[in-house]
Amino acid sequence: HEAIPGHGLDLEETTLADRLRTAGYTTGLVGKWHLGEDPKFHPMQRGFDEFFGFLRGGHNFFPDLPIIIFPDRNGIGEDLGQIPEVRAALDHQILRDNEHVAEETYLTDAFAREAVSFIRRHEAKPFFLYLSFNAVHTPMQATDDRLEKFASVNHPVRKVYNAMTLAMDEAVGDVLTQLSRSGLGEDKFIFFINDIAFFKRICILKTFSPQLEEPEHPPISIKNKSINVVKLPHSLKSYVLKPLPVVIETTLKIEILRA
């Protein structure tokens, strides 16, 4: 984690990208890395031929906006971007391979653009694309046109959340459309894997929209803090599309720590 200097994915680990590149695949990463910032941990040192994205755990979706990581129900919170170290870490940090680029496009859209470009450029030979969105994640930022689609949503943060989710959904659609245009047909595997952020998702729903739905289970105590377990139908599922959807159920074991 970036909070620990020099920390990253163990260099003795062989990544999926390592394996596939050895097997003759062109490998690309678009999006969030978060497995080490030092040059030795860079994606292109860990099996990827191409990289477009950021190395740390988060990034502004638009450059130069306030960086509010912990918004209240009205979307108001401390702008951590006022701290130079935070601004330097979470803004203007987009890389193409090893070089910084001045990316002005909404980040989810930029990742979709780059993913489509990778598929188009490598459609004639085996490739592996790891597309790692940072949506939906704070800071809560969305495009005006998508916010307008949820004008009837009164909750200010929920409105942004919906618009950010729509952006990711459209990005996935762009990727699927390009795969079809590239004539790959059934000659592909697509894995859609959710970030296993179980407690984060609970906390987001509880903080942003506690009346979204009634908890299905009584509150549990984690380190003496009570939270409600709400229904999250897709948070622990992975999907394999080839070409029909197959749902892989995963089980998350949670140890409850009580005071």
S.K.: Quick test of your reading of the model: are Arg121 and Glu50 salt-bridged, counting only N-O distances below 4.0 Å?
M.R.: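 Salt bridge: yes.
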S.K.: Indicate yes or no: at least one non-hydrogen side-chain atom of Ile190 is less than 4.5 angstrom from one of Val175.
M.R.: no
S.K.: After noting the C-alpha distance and the side-chain angles of Asn162 and Thr165, does the key distance pass the side chain to side chain donor-acceptor pair (under 3.5 Å) rule?
M.R.: CA-CA 5 Å; Asn162 291 351; Thr165 304; 5.6 Å; no
S.K.: Evaluate Glu13 against Arg46 for salt bridge (charged side-chain N to carboxylate O under 4.0 Å, His left out), listing each step before the verdict.
M.R.: CA-CA 9 Å; Glu13 294 288 347; Arg46 309 309 306 271; over 6 Å; no
S.K.: Does the pair Asp109/Arg146 count as a salt bridge with the N-to-O cut at 4.0 Å?
M.R.: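 Answer for the salt bridge query: yes.
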S.K.: For Phe133, look at atom CZ and say whether over 12 heavy atoms of other residues, nucleotides or ligands are found less than 6.0 Å away.
M.R.: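 More than 12 heavy atoms, drawn from other residues, nucleotides or ligands, come within 6.0 Å of this atom.
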S.K.: Is it possible for you to check whether Arg158 lies under 6.0 Å from the centre of the six-membered ring of Tyr161, through NZ or CZ, and within 45° of that ring's axis?
M.R.: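 Ring-cation test returns yes.
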S.K.: Above 12 or not: heavy atoms from other molecules or residues under 6.0 Å from CZ of Phe52?
M.R.: yes
S.K.: May I ask you to check whether Phe61 and Tyr106 place their ring centers less than 6.0 Å from one another?
M.R.: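 Ring centres of Tyr106 and Phe61 closer than 6.0 Å.
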S.K.: Out of Asn134, Val116, Thr105, which residue meets the side chain to side chain contact (heavy atoms under 4.5 Å, CB included) rule with Phe111?
M.R.: Asn134
S.K.: Ignoring hydrogens and geometry, is there a side-chain-to-backbone donor-acceptor pair from Gln82 to Ile67 under 3.5 Å?
M.R.: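 Absent.
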S.K.: Are Thr177 and Arg181 close enough, and set up right, to give a side chain to side chain donor-acceptor pair (under 3.5 Å), and what steps lead you there?
M.R.: CA-CA 6 Å; Thr177 297; Arg181 288 175 177 170; 5.9 Å; no
S.K.: How are the rings of His122 and Phe118 set to each other: parallel, tilted or perpendicular (split at 30° and 60°)?
M.R.: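 It falls in the tilted class, 30° to 60°.
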S.K.: Do Asp49 and Thr27 have side-chain atoms, one donor and one acceptor, less than 3.5 Å apart?
M.R.: yes
S.K.: Evaluate salt bridge (charged side-chain N to carboxylate O under 4.0 Å, His left out) for Lys159 paired with Glu148, printing each intermediate quantity in order.
M.R.: CA-CA 9 Å; Lys159 179 184 295 185; Glu148 290 175 1; over 6 Å; no
S.K.: Report yes or no: do Leu11 and Met44 belong to one cluster of Ile/Leu/Val/Met/Phe/Trp/Tyr joined by side chain heavy-atom distances under 4.5 Å?
M.R.: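 Different clusters: Leu11 never reaches Met44 through Ile, Leu, Val, Met, Phe, Trp or Tyr contacts under 4.5 Å.
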S.K.: Should the heavy atoms of other residues, nucleotides or ligands under 6.0 Å from CG of Asn74 be counted, would the total exceed 12?
M.R.: yes
S.K.: If you measure only the distance, is there a donor-acceptor pair under 3.5 Å linking the side chains of His42 and Asn98?
M.R.: yes
S.K.: Is it the case that one hydrophobic cluster holds both Val86 and Ile76, taking links as side-chain heavy atoms less than 4.5 Å apart, direct or via other members?
M.R.: no
S.K.: Would you tell me whether Asp64 and His92 have side-chain atoms, one donor and one acceptor, within less than 3.5 Å of each other?
M.R.: yes
S.K.: Is it true that a side-chain atom of Asn60 and a backbone atom of Asp91 form a donor plus acceptor pair closer than 3.5 Å?
M.R.: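 Pair absent, no side-chain N/O of Asn60 close to backbone of Asp91.
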S.K.: Run Ile119 and Phe127 through side chain to side chain contact (heavy atoms under 4.5 Å, CB included) and show every step you take.
M.R.: CA-CA 8 Å; Ile119 295 168; Phe127 68 80; 4.1 Å; yes
